[in-house]
Trainee: 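Here it is, the structure in full.
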Protein chains: 2
Amino acid sequence: MRYHKIPDETIRRLPVYLRGLLFSSEKGRKNISSLDLAKLLAVNPWQIRKDFSYFGDFGTPGVGYDTEKLIRHIKKILRLDGGHKAALVGVGNLGGALLAYDGFGVFGFEIAAAFDIAPHKIGQKMHEVEIEDVERLATLGERGIGLGIIAVPRAAAQEIAEELVSAGVTGILNFSPVHIDVPKKVKVITIDIAMDLARLPYYMPAG
Amino acid sequence: MRYHKIPDETIRRLPVYLRGLLFSSEKGRKNISSLDLAKLLAVNPWQIRKDFSYFGDFGTPGVGYDTEKLIRHIKKILRLDGGHKAALVGVGNLGGALLAYDGFGVFGFEIAAAFDIAPHKIGQKMHEVEIEDVERLATLGERGIGLGIIAVPRAAAQEIAEELVSAGVTGILNFSPVHIDVPKKVKVITIDIAMDLARLPYYMPAG
DNA sequence: CTATGTGAATTTATTCACAGCA
DNA sequence: TGCTGTGAATAAATTCACATAG
């Protein structure tokens with residue numbers, strides 16, 4: 001199946017596998033079998049093999065997958081190689097937590113700029129990043145920042161999204177609990193924490 | 001199809017519909033058609049009708065769906081009626097942001113307790129909630145808290161999960177970037193922000 | 001005439017089972 | 001012998017098209 005289109009569901013799982021492979025690599029393992037990776041991530045081994053089969057032969061029968069080689073290749077598919085600079089808009093409670101979060105690095109992301117509308121925040125530094133006036137969003141293009149993170153109140157989300165798009169951003173991670181309308185060349189992923197929480201009780205035993 | 005099992009994918013979408021319906025209700029609308037709801041949320045109208053058809057007749061042909069009635073019913077299916085108390089473990093950057101977040105209320109959630117391990121935080125109040133020693137996690141059962149939110153460093157996540165389960169928690173929202181092993185009567189939903197971000201570049205145009 | 005509800009058709013994803021390679 | 005890679009079988013979800021109800 002080497003030359004097939006990779007299914008969306010597989011793309012969704014690739015970062016999961018990447019996490020597992022990076023973890024295994026940190027432990028010094030050169031190879032990992034689909035079974036071991038499956039145990040680590042609590043998924044099915046045949047699902048893993050099928051997913052990997054969509055983009056080539058990386059495993060050695062009897063041995064497993066070459067960890068480093070596979071990491072490099074998954075990063076390449078997801079276009080994580082080369083790194084990405086992101087602009088954070090909205091340095092409130094959530095925005096501040098995102099600035100402090102150290103988990104973006106492993107996937108090659110860096111929050112390279114932060115913006116807010118509150119005058120008393122502008123000019124301050126948080127976690128090595130200086131907070132700028134939202135007016136300066138237009139400068140993103142020339143600064144090589146192609147990715148935006150929206151952490152502003154719901155009412156401002158659509159407007160900020162439009163400004164990000166005007167500035168040349170083509171990918172948006174949206175933490176506001178609203179649908180955002182953008183040209184279809186721009187990809188938006190919305191994370192709505194309360195909504196994820198909302199489907200938890202359905203799966204919980206009575207009580 | 002009234003008596004069928006509701007597909008998991010439908011359950012995943014119900015909170016999305018709920019958001020749209022609540023929004024529409026706030027605007028004072030008594031009814032909404034699948035087409036209008038679809039436009040609001042950027043999904044397909046036939047998907048909405050199919051999803052709703054799994055749990056009964058709520059629409060009136062020529063008119064649409066009764067907003068309030070449908071809201072009540074979706075809440076009932078998701079078991080959001082009656083409300084849920086949650087315990088937050090880990091009041092760091094992310095934990096603090098979660099305490100400050102005001103979006104849980106609409107789905108009937110309340111962060112009723114917060115725990116940390118750092119002595120200087122214990123006893124302090126943040127957003128009306130007093131921070132307690134993690135040692136006191138065992139008291140959750142008798143306090144009627146059945147839901148846990150893990151916002152601690154990765155290395156501590158598994159241990160905290162086990163303590164939550166011992167205390168009687170049956171649902172966990174996990175913000176640590178690791179798989180958590182729990183008895184299968186307990187449902188875990190993991191939100192890994194960096195992992196969601198990681199599939200953004202794949203869908204972005206070259207650059 | 002408008003908008004629902006749903007069988008049927010289609011597409012997509014998962015699971016299996018095993019041939020074949022190191 | 002151990003583990004990959006993949007066709008084939010199964011299952012699930014999406015999309016369509018239209019009969020039917022208000």
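Within every chain, numbering begins at 1; the chains are lettered A, B, ... in the order of the sequence lines, protein sequences first and strands thereafter.
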Trainee: By the salt bridge (charged side-chain N to carboxylate O under 4.0 Å, His left out) test, which pairs, at least two apart or in different chains, include something from residues 167-176 of chain A?
Mentor: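 Residue pairs with at least one partner in residues 167-176 of chain A: there are none.
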Trainee: Quick one: which protein N/O atoms are closer than 3.5 Å to N/O atoms of nucleotides 14-18 of chain C? Pair and distance per line, please.
Mentor:
unit_1 : atom_1 : unit_2  : atom_2 : d
C:dT14 : OP1    : A:Arg13 : NH1    : 2.9
C:dT14 : OP2    : A:Arg13 : NH1    : 3.3
C:dT14 : OP2    : A:Arg13 : NH2    : 2.8
C:dT14 : OP2    : A:Gln47 : NE2    : 3.4
C:dT15 : OP2    : A:Asn44 : ND2    : 3.1

Trainee: Check the orientation of B:Phe58 and B:His73. Use parallel for under 30°, tilted for 30 to 60°, and perpendicular for over 60°.
Mentor: tilted
Trainee: Report which part of the nucleic acid B:Phe52 touches: base, sugar-phosphate, or nothing (heavy-atom distance under 4.0 Å, all strands).
Mentor: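 Since no nucleic acid heavy atom lies under 4.0 Å of B:Phe52, the category is nothing.
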Trainee: Might you list the N or O atoms of the protein lying below 3.5 Å from N or O atoms in nucleotides 20-22 of chain D, with each pair's distance?
Mentor:
none

Trainee: Rounding to 10°, can you tell me the angle the first-five-pair axis of the helix from C:dC1-D:dG22 to C:dA22-D:dT1 makes with its last-five-pair axis?
Mentor: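 Roughly 10°, once rounded to the nearest ten degrees.
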Trainee: Scan for side chain to side chain donor-acceptor pair (under 3.5 Å) pairs involving residues 88-107 of chain B, sequence neighbours excluded, and state none if there are none.
Mentor: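 Every pair satisfying side chain to side chain donor-acceptor pair (under 3.5 Å) with a residue in residues 88-107 of chain B: there are none.
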Trainee: Between B:Ser34 and B:Arg49, do the side chains contain an N or O donor and an N or O acceptor separated by less than 3.5 Å?
Mentor: yes
Trainee: Show which side-chain atoms of residues 143-158 of chain B pair as donor or acceptor with protein atoms under 3.5 Å away, not counting sequence neighbours.
Mentor:
unit_1   : atom_1 : unit_2   : atom_2 : d
B:Arg143 : NH1    : B:Glu132 : OE1    : 3.1
B:Arg143 : NH1    : B:Thr139 : OG1    : 2.9
B:Arg143 : NH2    : B:Glu132 : OE2    : 2.6
B:Gln158 : OE1    : B:Asp181 : N      : 2.9
B:Gln158 : NE2    : B:Glu162 : OE2    : 2.7
B:Gln158 : NE2    : B:Asp181 : O      : 2.9

Trainee: Send over the distance from A:Asp57 CG to D:dC3 C1', rounded to a whole Å.
Mentor: 13 Å
Trainee: Considering heavy-atom distances to DNA chain C, does B:Tyr65 or A:Pro7 have its closest nucleotide positioned more toward the 5' end?
Mentor: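 The answer here is B:Tyr65.
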Trainee: A:Ile48 CD1 to D:dG5 P: how many Å, rounded?
Mentor: 12 Å
Trainee: Distance alone, cut at 3.5 Å: any donor-acceptor contact between the side chains of A:Tyr65 and A:Asn31?
Mentor: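 A:Tyr65 vs A:Asn31: no donor-acceptor pair found between side chains.
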Trainee: What is the distance, to the nearest angstrom, from the CZ atom on B:Phe55 to the C1' atom on C:dG5?
Mentor: 13 Å
Trainee: Just jot down the side chain to side chain donor-acceptor pair (under 3.5 Å) partners of A:Ser166, sequence neighbours excluded, or say none.
Mentor: none
Trainee: How would you list all residue pairs meeting salt bridge (charged side-chain N to carboxylate O under 4.0 Å, His left out) that involve residues 83-93 of chain B, not counting sequence neighbours?
Mentor: none
Trainee: Under a 4.0 Å N-O cut-off, is there an ion pair linking A:Asp81 with A:Lys75?
Mentor: no
Trainee: What side-chain donor-acceptor pairs closer than 3.5 Å can you find for residues 190-197 of chain B, not counting sequence neighbours?
Mentor:
unit_1   : atom_1 : unit_2   : atom_2 : d
B:Thr190 : OG1    : B:Asn174 : ND2    : 3.1
B:Asp192 : OD1    : A:Arg19  : NH1    : 3.0
B:Asp192 : OD1    : B:Ala194 : N      : 3.3
B:Asp192 : OD1    : B:Met195 : N      : 3.2
B:Asp192 : OD2    : A:Arg19  : NH1    : 2.0
B:Asp196 : OD1    : B:Arg199 : NH2    : 3.3

Trainee: Does a donor on one side chain sit under 3.5 Å from an acceptor on the other, for B:Asp8 and A:Tyr203?
Mentor: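 The criterion, which ignores hydrogens and geometry beyond distance, is satisfied for A:Tyr203 and B:Asp8.
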Trainee: Identify, with sequence neighbours excluded, every residue that meets ring-ring contact (aromatic ring centres under 6.0 Å, His included) alongside A:Phe115.
Mentor: none
Trainee: Write down the distance between CD1 (A:Ile11) and C1' (C:dT12), rounded to a whole number of angstrom.
Mentor: 15 Å
Trainee: Of all residues at least two apart in sequence or in a different chain, which pass the side-chain contact (heavy atoms from CB on, under 4.5 Å) check with A:Glu9?
Mentor: A:Arg12, A:Arg13
Trainee: Which residues, if any, of residues 27-43 of chain B bring a heavy atom under 4.0 Å of DNA chain C?
Mentor: B:Ser33, B:Ser34
Trainee: Please state how far atom CG in B:Asp8 lies from atom P in D:dA11, giving the value in whole angstrom units.
Mentor: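 From B:Asp8 CG to D:dA11 P: 16 Å.
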